[in-house]
Amino acid sequence: MMSSTEVIRATTSRRFVGGTSGDDRGVVVRARGVQHYYGEGDLRKQVLFDNNADVYEGEIVIMTGPSGSGKTTLLTLFGALRTVQEGSLTLLGRELRGVTARDATRARREIGFIFQAHNLFQSLTAFQNVRMGLELFGHSRAEMKRLGETMLARLGLGHRIHYKPEALSGGQKQRVAIARALAHRPKLVLADEPTAALDGASGREVVTLFQELAKEQRTTVIMVTHDNRILDVADRIISMVDGRIKSNVMPQESSVICEFLRRGSAFAQLTPGALSDVADKMIVESFPAGAAVIQKGDAGDKFYLIREGEVDVLVGGIDDPGTNVALGTGDYFGEAALLTGAPRNATVRARSPVVLYSLGKDDFQAAIEASKPFKEELLRMLFMRQ
Amino acid sequence: MNERTPLALKNLTHRPRRLLVAVGGVGFAVLLIFMELGFLAALLDSTTAVIRRIRADLFILNRSTSALVARARFPRQRIEQARAGGDVRVIPIHIENAVAVLRPARDKGYPIRVLAFDPRQPLFDLPGVESAASELLGPDTAAYDTTSKAEYRFPGPTEPPGDFTGELSGRRIRLVGRFALSTDFATTGTLIMSDQNFARYFPWGAGGEDPLSVVDIGAVQVGPGASVPEVRARLERLLPNDVKVLDKAEYERNERAFWLLNTPIGYIFVAGTIIGFVVGVIICYQIIYASLDDHMGEFATLKAIGYGRSYFVGLVACQSLYLSLFGFVPGALASMFLYAGIAKATGLMVVFRPWVAAVVLGSTLLMCTVSGILAMRRLLAADPASLF
């Protein structure tokens, strides 16, 4: 399970920043505290609030959310199409905050863009349109021909490469646009409803291609889509509401969490529905050995469940190693402050590298209100522990 | 970077009908500029045609002479004085262009210009005049300019000159030769005759005195052994300052400058050229802007995938260049046809001149470049973030 937990680390907490510093191998996009505003002066309106996310190499991430939730804005920020106003955004290891227009343009060359509209030049053939996407890279003429034709053939357009867009169907045009975005083998593909113009079978072919690229070339795909037919290809679904990342889950991971929760004593009381609800809201966090997960005296904001690894609970704070309690896989901590409203009564430090499932305060409260036995169980355990 | 897809050319030629309209628009602006500059060049060349056809190294003129059409004469003594200047021949030329009226048979009279000289000395570089020199010595004879306007009813190229019947200033005239000079904006026709005949037709020339006692132009032919600058210096020393001495180039330049700067005519054609240019800029701008506007999504996509500002500047520059060239060729061809028609109808020296073509080509390139720069702003405003 380590490999699947490894690729997903995202949180809405700033504390997390310290937790993973220095570990950015395989990170394609990393957002930290990204805020964004539209308009000026009195009309200035905040559209993104403190967004944090890491997207790893070879991942297929689907972004969902109602219109106006900020997902498109976040996508354009990922693509260096907008200026980063607040926070930090790294694209392939390069900080985008404060870059010049020229550097942003250069950074975009490593991305494949797929838009809702195909935006093909009517005056150029399918191949020439694809070649426009290759000409920035100094390939030889023969190399461009090979790359362009290969990609078009792969998208089922091998017999249409010298057709102009007006001689192609809507789906074929969209596939030419996709070939243009992918022909130069970008590390990252940003797509906006790539399958909206395609029938079921063509849409499936396109996402299958994404999966192959992700597997073979470790290409990362981030797409905004409402197409339920293709949700299953997502390694992770980022759902946004009102400018915030509301949840950031792996569909497969979610069921793993469910199973894990069912085995744990405290959560066993929950109904299957409530259990999967909690699992969906849990965020996976990892900390290296020695990192403080919670600090004594802080306000309680999250509940933690240990997926892997061990932590030390230092009741006397970080300076008092005498009163250690070690917790391991399946144990949980952080509930006391949430139940009592008091500050954290201990510091928790990772003894080994740990993977934790965390649940925000509000979601935690909602979960315990939904299930009386669960609340009672938690209170009983808390009482026993004290 | 390896060879690139010729996007500017492809976009321009993709819709042939639209291209045709674009080429027509630019071609029209090209034609406008060609016409204005062609007329201006014709005006300047036509008015100086006489000067070019006089075989002379230096010219003696009244000090206050501004142009051929503005009569300012000087006393004949100056000619005699100049003849003392060494190895030179000084030939007086008389011009009447104010009161000379040619009346063809059974018609009313039309003003005409009359040039007069002594036919015994070769002066005009006009074969028809040279070959008719002896006939011109006869009384009441003249040679006519074949480019003169049709109203004079001069005999056509295949008819003998003697077929003409008519009167010059109330006196019968016999035509004995013909030559091709030019009309200009002040002259619709020209006759050349001997000074003796000139005195017969225009006896009142100098307020009742001998009409040949005053001279319009003194043509100075410097002998083979003498140097023109030396002769000029000598003449300037010798002659009183009621006359001036110019060489041929200066004389032509003065004449051109008069029309260009001292009359509204030159100004009008320059203004016309500018208007043609502005019309061209507007037409080109519309064409380039429309072609860019149609492809905003595609250009924004190119921006998104990493094409930089310089690519788009180059693209618009290319498009402007192609548009200039595509428009110039038909515009120039149409101008050639129109020139030929106008030259035939007016007798003006409206011909296709390489320097005019070069200036028009330059203007066309500038025109499309200016339009391109204006339209460029539209392209640079393309926001790739708006595509998502």
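So that the names make sense, note that chain A is the first sequence line, chain B the second, and so on, each numbered from 1.
The candidate with the highest count of non-hydrogen atom pairs below 4.5 Å against chain B, out of E110(A), R180(A), E193(A), Q116(A), is R180(A). Put simply, of V224(A), L124(A), D192(A), the one with the most heavy-atom pairs under 4.5 Å next to chain B is D192(A). Of the listed residues (G306(B), P384(B), S386(B)), the one with the most heavy-atom contacts under 4.5 Å to chain A is G306(B).
Using a 4.5 Å cut-off between heavy atoms, R102(A) makes no contact with chain B at all. Interface residue Y307(B): backbone and side-chain heavy atoms are both found under 4.5 Å from chain A. Heavy atoms of R15(B) lying under 4.5 Å from chain A belong exclusively to its side chain. Residue contact with chain B, scored on non-hydrogen atoms closer than 4.5 Å, is absent for A181(A). In this structure, chain B has no heavy atom under 4.5 Å from any part of I111(A). Contact of L120(A) with chain B is made through the backbone alone, with heavy-atom distances under 4.5 Å. Proximity to chain B (any heavy atom under 4.5 Å) is shown, for Q122(A), by both the backbone and the side chain. With a 4.5 Å cut-off on non-hydrogen atoms, E143(A) does not touch chain B at all.
In this structure, E166(A) places its CD atom where more than 12 heavy-atom neighbours from other residues, nucleotides or ligands lie under 6.0 Å away. Heavy atoms from other residues, nucleotides or ligands lying under 6.0 Å from OH of Y267(B) number 12 at most. Within a 6.0 Å sphere centred on CZ of R52(B), heavy atoms belonging to other residues, nucleotides or ligands number more than 12. Counted within 6.0 Å of CZ on F28(B), heavy atoms from surrounding residues, nucleotides or ligands total 12 or fewer; the atom is thus considered open. Within a 6.0 Å radius of CG in D242(A), no more than 12 heavy atoms belonging to other residues, nucleotides or ligands are found.
Scored by the side chain to side chain contact (heavy atoms under 4.5 Å, CB included) test, T72(A) finds F388(B) as partners (sequence neighbours excluded).
Residues K164(A) and K10(B) are not in side-chain contact: their nearest non-hydrogen atoms beyond the backbone lie 4.5 Å or more apart. Side chains of N119(A) and M296(B) form no contact here, defined as non-hydrogen atoms less than 4.5 Å apart. Considering only heavy atoms from C-beta on, F121(A) comes within 4.5 Å of L302(B) through its side chain.
Here the NE2-CD distance, from H118(A) to E298(B), works out to 8.0 Å after rounding to the nearest 0.5 Å. One distance of note links OG1 of T301(B) with CE of M132(A); it measures 10.5 Å at 0.5 Å rounding. Rounding to the nearest 0.5 Å places CD1 of I114(A) at 13.0 Å from CG of L387(B). To the nearest 0.5 angstrom, S123(A) atom OG is 5.5 Å from L7(B) atom CG.
Among all heavy-atom pairs drawn from A304(B) and F115(A), the shortest one is CB-CZ, 3.7 Å. Shortest non-hydrogen contact noted between R131(A) and R4(B) is NH2-C, 3.6 Å.
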